[in-house]
Student: 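Mind looking over this structure? Questions follow.
By convention in this document, chain letters (A, B, ...) are assigned in the order of the sequence lines, proteins followed by strands, and residues within each chain are numbered from 1.
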Protein chains: 4
Amino acid sequence: MAQETKARIRKAAIEVIAEEGFFNTRMQDIADRAQLAVGTIYNYFSSKDEVLSYIFKYEIQRRMKSISELKEQKLSTRRFLKKFLDRHFLTLRENPNLGRVLVREKEFSRAKDNNEIKENMNSLIKMLEDIFVEGINKAEIKDINAHLMAVYFFGSMQGIIEFALTEPEIEMLVDGPDFIIKRIEHIFK
Amino acid sequence: MAQETKARIRKAAIEVIAEEGFFNTRMQDIADRAQLAVGTIYNYFSSKDEVLSYIFKYEIQRRMKSISELKEQKLSTRRFLKKFLDRHFLTLRENPNLGRVLVREKEFSRAKDNNEIKENMNSLIKMLEDIFVEGINKAEIKDINAHLMAVYFFGSMQGIIEFALTEPEIEMLVDGPDFIIKRIEHIFK
Amino acid sequence: MAQETKARIRKAAIEVIAEEGFFNTRMQDIADRAQLAVGTIYNYFSSKDEVLSYIFKYEIQRRMKSISELKEQKLSTRRFLKKFLDRHFLTLRENPNLGRVLVREKEFSRAKDNNEIKENMNSLIKMLEDIFVEGINKAEIKDINAHLMAVYFFGSMQGIIEFALTEPEIEMLVDGPDFIIKRIEHIFK
Amino acid sequence: MAQETKARIRKAAIEVIAEEGFFNTRMQDIADRAQLAVGTIYNYFSSKDEVLSYIFKYEIQRRMKSISELKEQKLSTRRFLKKFLDRHFLTLRENPNLGRVLVREKEFSRAKDNNEIKENMNSLIKMLEDIFVEGINKAEIKDINAHLMAVYFFGSMQGIIEFALTEPEIEMLVDGPDFIIKRIEHIFK
DNA sequence: AATGAATGAGGCTTCATTCAT
DNA sequence: TATGAATGAAGCCTCATTCAT
């Protein structure tokens with residue numbers, strides 16, 4: 001039924017966009033991959049842009065939920081960050097195509113009124129900033145610029161992911177979390 | 001003369017692409033900004049893709065040259081990295097549009113045979129890796145995974161730049177170099 | 001039962017087509033207005049064109065029947081024309097949407113094999129021509145070109161209707177019949 | 001040069017639209033008739049709708065100019081109307097396709113924000129109304145409802161034209177002006 | 001008899017590229 | 001060398017129609 005088809009389109013789109021890039025992907029390509037007619041996609045999405053937006057919204061919301069659960073576990077800042085990285089990198093290892101789309105296509109159609117994706121990314125960074133602020137307040141980490149730290153953390157994470165997803169380096173995703181945590185070890189008191 | 005016109009096109013392209021994104025930029029837009037006719041662009045570039053490639057090639061080569069000069073100064077690894085960051089961040093502060101293009105459009109037309117840009121980016125990372133290897137050999141820094149470190153360093157740098165170039169946070173580029181160096185302080189012996 | 005549904009579709013179609021025009025009306029719009037599923041329409045009509053054809057056929061036949069009744073009353077030509085105008089203009093005042101469809105959509109799909117509507121319109125003009133011929137024969141009106149007169153009469157009638165149905169001038173339909181009759185007063189002996 | 005091409009497109013569009021109707025005409029058809037590429041049309045018009053709008057604007061402006069000239073001749077109301085009809089009917093006899101487009105396609109895309117055509121038609125009716133008002137003031141014609149008279153006059157004119165342009169009746173355009181004038185003879189004092 | 005998700009042909013429009021001036 | 005009108009392939013999207021339930 002309805003939601004099945006929408007999910008099928010989402011998954012097909014992730015695959016094709018990961019392979020070809022968003023701008024090089026034609027609606028027909030997505031339809032072919034999903035084994036549907038083009039018209040069917042338009043029964044679920046109003047435009048090509050909306051397909052990509054939906055992928056981001058869907059995945060970021062899953063991550064936000066996962067983070068909320070993590071927060072409820074009242075972990076130390078270090079363990080929280082570690083678990084967050086573990087989960088995120090594991091998801092990407094299991095679905096590298098999704099990762100490719102998420103890191104590569106975030107800049108699409110900036111010129112249009114599609115700030116939704118940007119906002120979703122920023123909400124993730126904001127969440128990281130909150131974690132650092134909290135860590136500082138709980139005297140678990142040193143008094144650093146939490147905002148800059150969040151951007152730095154997110155950037156290094158994205159950088160590794162982006163590089164790792166370049167096919168032959170996927171194993172970098174295995175070592176990533178530990179490496180990152182070790183790099184910021186010095187901010188913990 | 002010839003080179004003047006080519007440079008004018010390059011600069012116009014950087015401006016427009018920074019504002020609209022590569023895929024949303026039409027050759028006509030570049031021509032308008034350069035106050036030239038579209039046809040003229042094709043006297044200097046064989047295609048739209050080549051305009052972007054040229055921007056990357058031109059800028060990366062400038063950076064590589066700047067790095068070569070730096071290498072000849074026989075600086076310590078720490079001072080080398082610091083100077084590299086300073087120069088890079090300063091350039092971007094002086095020409096944020098260029099930065100926007102470099103960080104955002106690197107993924108363009110992956111599906112096509114346009115690996116040139118990718119190779120240029122990778123040569124920068126390779127260069128960083130060399131620096132870390134050299135630092136390890138000279139016993140200036142600890143024995144870490146140089147490749148992963150280069151990717152991490154580059155990623156965090158790009159992350160800050162990307163975020164900083166989102167208009168209202170340009171000042172992040174001022175604090176960036178010191179922040180990054182402090183973050184990796186622990187790898188120095 | 002069956003005929004109820006078909007009438008519901010006809011009425012819904014008149015409303016939507018009056019508002020949006022035939023070519024801007026989608027089958028889905030008609031279905032929505034009739035509170036039915038699109039598929040249901042196809043149980044009663046074989047195509048979108050047929051829906052419009054049916055509206056014309058249905059209404060013109062009603063008018064022809066009304067005219068036949070009028071003819072049986074053996075009225076003078078003047079009184080016949082007056083009663084015909086009165087009835088017609090009254091119907092349109094009661095259902096302006098129907099009028100809008102009848103005057104505006106008569107030209108649709110000329111290029112296709114859909115002459116049915118055209119024929120229906122022409123049969124109305126032919127009927128008017130008969131009335132004028134008869135009037136001449138009965139020496140009630142002067143010897144004019146009956147065919148041209150019919151076209152003229154029909155055109156002026158349509159013109160007023162078309163203009164009147166432009167929302168704010170509906171009251172023109174009230175004065176219309178008398179005005180038209182007065183205009184052709186001179187043809188009566 | 002530029003204006004030549006635009007005129008070529010306008011003329012080709014009139015022909016094809018007269019034959020097929022606006023909605024059944026594809027941009028490709030217009031391009032074929034004009035012996036141009038589709039893309040070329042878009043160098044002169046921003047959309048298909050605009051092509052039709054332009055035809056109306058262009059022709060109505062010509063008529064308005066022709067009317068202004070007529071007004072300067074200080075003719076009696078009767079002679080003015082006669083000359084106006086003569087000119088108009090002659091133009092249509094010389095270019096029946098133009099007439100077909102003007103009478104048939106005036107209702108197109110009402111649902112969109114394309115009131116331009118409507119306004120152009122109304123300006124013609126308004127002009128006629130002015131003529132009648134002036135005639136009343138100059139005591140050349142009786143005291144009738146000038147607005148209704150203008151609508152009536154315009155409608156009957158359109159009706160004859162519409163019917164006449166149905167191929168086999170073109171000669172109706174020859175008798176039209178005199179017939180119409182005779183019909184309204186009684187309004188002159 | 002009613003439903004509405006799926007279909008896919010077809011139209012409008014865009015825009016990189018060419019080429020005659 | 002510069003120009004910009006002309007080109008036409010290609011993509012997005014619409015919507016009448018079908019058909020399994």
Side-chain angles (χ1 to χ4, degrees), chain A residues 1-6 8-9 23-32 34-51, chain B residues 1-2 4-6 9 23-32 34-51, chain C residues 1-2 4-6 9 23-32 34-51, chain D residues 1-6 8-9 23-32 34-51:
Chain A
M1 45 215 42
Q3 284 323 298
E4 256 174 57
T5 306
K6 189 163 187 177
R8 194 151 120 215
I9 295 168
F23 275 99
N24 298 315
T25 296
R26 291 169 301 115
M27 291 303 267
Q28 187 63 71
D29 296 331
I30 299 176
D32 289 350
Q35 287 181 288
L36 287 170
V38 239
T40 306
I41 300 180
Y42 286 90
N43 290 337
Y44 296 89
F45 299 93
S46 66
S47 70
K48 188 185 169 189
D49 279 14
E50 228 212 47
V51 176
Chain B
M1 56 199 46
E4 254 173 56
T5 307
K6 189 163 187 177
I9 295 168
F23 275 99
N24 298 317
T25 296
R26 290 169 293 116
M27 290 301 263
Q28 187 63 68
D29 296 331
I30 299 175
D32 288 350
Q35 286 181 288
L36 287 170
V38 247
T40 307
I41 299 180
Y42 284 89
N43 292 333
Y44 295 89
F45 299 93
S46 66
S47 72
K48 186 185 169 190
D49 279 13
E50 228 212 46
V51 176
Chain C
M1 54 202 45
E4 255 174 56
T5 307
K6 190 163 187 176
I9 295 168
F23 274 98
N24 298 317
T25 296
R26 288 170 293 117
M27 290 300 264
Q28 186 64 67
D29 297 329
I30 299 176
D32 289 349
Q35 287 181 289
L36 287 170
V38 247
T40 307
I41 299 179
Y42 284 89
N43 292 334
Y44 295 89
F45 298 93
S46 68
S47 71
K48 187 186 167 189
D49 279 13
E50 228 211 46
V51 176
Chain D
M1 44 215 46
Q3 284 323 298
E4 257 174 56
T5 307
K6 190 164 187 177
R8 194 151 121 215
I9 296 167
F23 275 99
N24 297 316
T25 297
R26 291 169 301 114
M27 291 303 265
Q28 187 63 69
D29 296 331
I30 299 176
D32 289 350
Q35 285 182 290
L36 287 170
V38 239
T40 306
I41 300 179
Y42 286 90
N43 290 338
Y44 295 89
F45 299 94
S46 65
S47 70
K48 187 186 170 188
D49 279 14
E50 227 212 46
V51 176

Student: If you take all heavy atoms of B:V51 and B:M27, which pair is closest and at what distance?
Tutor: CG2-CE, 4.4 Å
Student: Atom OG1 in D:T40, atom CD1 in D:I30: separation rounded to 0.5 Å?
Tutor: 12.5 Å
Student: In the 5'-to-3' direction, what one-character label does each nucleotide of nucleotides 10-17 of chain F receive under the scheme B = base within less than 4.0 Å of a protein heavy atom, S = sugar-phosphate only, - = no such atom?
Tutor: -SSBBSSB
Student: Tell me, what's DNA chain E's dot-bracket, Watson-Crick or G-U with both distances under 3.5 Å, | for other-strand, [ ] crossing?
Tutor: .||||||||||||||||||||
Student: Quick one: D:D32 CG to E:dG11 C1', roughly how many Å, whole number?
Tutor: 14 Å
Student: What is the distance, rounded to the nearest whole Å, between atom CD1 of A:I30 and atom P of E:dG8?
Tutor: 17 Å
Student: Between C:A37 and A:I41, who's closer to the 5' end of DNA chain E by nearest nucleotide?
Tutor: C:A37
Student: Round to a whole Å and report the spacing from NZ of A:K6 to P of E:dA5.
Tutor: 13 Å
Student: Mind listing the closest non-hydrogen atom pair of D:I9 and D:I41 along with its distance?
Tutor: CD1-CA, 3.9 Å
Student: Under 4.0 Å from OP1 or OP2 of F:dT1: is there any side-chain N or O of B:T5 that close?
Tutor: no
Student: Expressed in angstrom and rounded to an integer, what is the separation of D:D29 atom CG from E:dG10 atom P?
Tutor: 13 Å
Student: To the nearest angstrom, how far is C:Q35 atom CD from E:dT3 atom P?
Tutor: 10 Å
Student: Is the cationic atom of D:K6 (NZ for Lys, CZ for Arg) positioned less than 6.0 Å from the six-membered ring centroid of D:F45 and within 45 degrees of its normal?
Tutor: yes
Student: Using side-chain hydrogen bond (donor to acceptor under 3.5 Å, both in side chains) as the criterion, list what pairs up with A:S46, not counting sequence neighbours.
Tutor: A:E50
Student: Shortest non-hydrogen contact from C:A37 to C:A31?
Tutor: C-CB, 3.9 Å
Student: Just wondering, do A:F23 and B:N24 contact through their side chains at under 4.5 Å, heavy atoms?
Tutor: yes
Student: If you compare all heavy atoms of A:Q35 against all heavy atoms of A:R8, which two are closest, and at what distance to 0.1 Å?
Tutor: O-NH2, 3.3 Å
